[in-house]
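In what follows, residues are counted from 1 in the order of the sequence shown.
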Amino acid sequence: MNKSKAPATTRKTLGQVVVCQGCCCGRTDKGHPPVPVDWLKHEWRTRELPKKMHLSISGCLGPCDATNVVLLMFGNQAVWLGGLKTQDSYRDLVQWAADCARSEALHPLPPSLARHRLQRFSEEFPNVRVA
Ligand code: FES
């Protein structure tokens, strides 16, 4: 019988922010607003956020028609955002992450981001145990 240990990490964070820059999000040549990836990375480093809130830039997350998609993951929760069309939206995202990091606790999304919440899946995931 295989008695392998469960995977573990010492790199625990409050959450993870996944910013899509795939086949559509940020593709100005396809008519989508830009995603300020370099600015986001700079802000994340300057504000020393990576150890508290991990930033990932991803390929296509799926709901391309929502335009400029961001996935927020914390604990067993995922919050999807779409339609981040302005630099102000990304600025609010950085500020929210910085506020969470500073207080070492998750804060509610500001209204300016909460209004971008996107229902990603046709059904909510049932409350089942994986293990
Ligand atoms: S490219 Fe972002 S969701 Fe597809």
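In terms of the side-chain hydrogen bond (donor to acceptor under 3.5 Å, both in side chains) criterion, Gln77 has no residue partners (sequence neighbours excluded). Residues meeting the salt bridge (charged side-chain N to carboxylate O under 4.0 Å, His left out) test with Asp65, sequence neighbours left out: none.
Open room surrounds CD on Glu48; 12 or fewer heavy atoms of other groups in view lie less than 6.0 Å from it. Under a cut-off of 6.0 angstrom, the local environment of NZ in Lys30 is crowded, with over 12 non-hydrogen atoms contributed by other residues, nucleotides or ligands.
For the pair Phe74/Leu14, no side-chain contact is recorded, criterion being any heavy-atom separation below 4.5 Å from C-beta on. Side-chain contact check for Leu113 versus Val70: every heavy-atom pair is 4.5 Å or farther apart. By the 4.5 Å heavy-atom criterion applied to side chains, Arg120 and Pro63 are counted as neighbours. The shortest side-chain heavy-atom distance between Pro33 and Thr67 falls under the 4.5 Å cut-off.
Between the side chain of Trp96 and the backbone N or O of His107, at least one donor-acceptor pair lies under 3.5 Å. Between the side chain of Gln119 and the backbone N or O of Phe121, at least one donor-acceptor pair lies under 3.5 Å. Judged by distance alone, with hydrogens and angles left aside, the side-chain atoms of Thr9 form a donor-acceptor pair with the main-chain N or O of Arg11 at under 3.5 Å. Proximity of a side-chain donor or acceptor of His32 to a complementary backbone N or O of Arg27 within less than 3.5 Å is not detected. The main-chain N or O of Pro110 is never found under 3.5 Å from a side-chain atom of Asp92 such that the two would form a donor-acceptor pair.
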Stepwise salt bridge (charged side-chain N to carboxylate O under 4.0 Å, His left out) test for Asp99 and Arg102: CA-CA 5 Å; Asp99 290 345; Arg102 186 173 16 80; 2.6 Å; yes
Candidate pair Leu81 and Arg117, rule side-chain contact (heavy atoms from CB on, under 4.5 Å), full reasoning: CA-CA 4 Å; Leu81 304 176; Arg117 281 189 79 155; 3.9 Å; yes
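Taking 4.0 Å as the cut-off between side-chain N and carboxylate O, Asp88 and Arg91 count as a salt-bridged pair.
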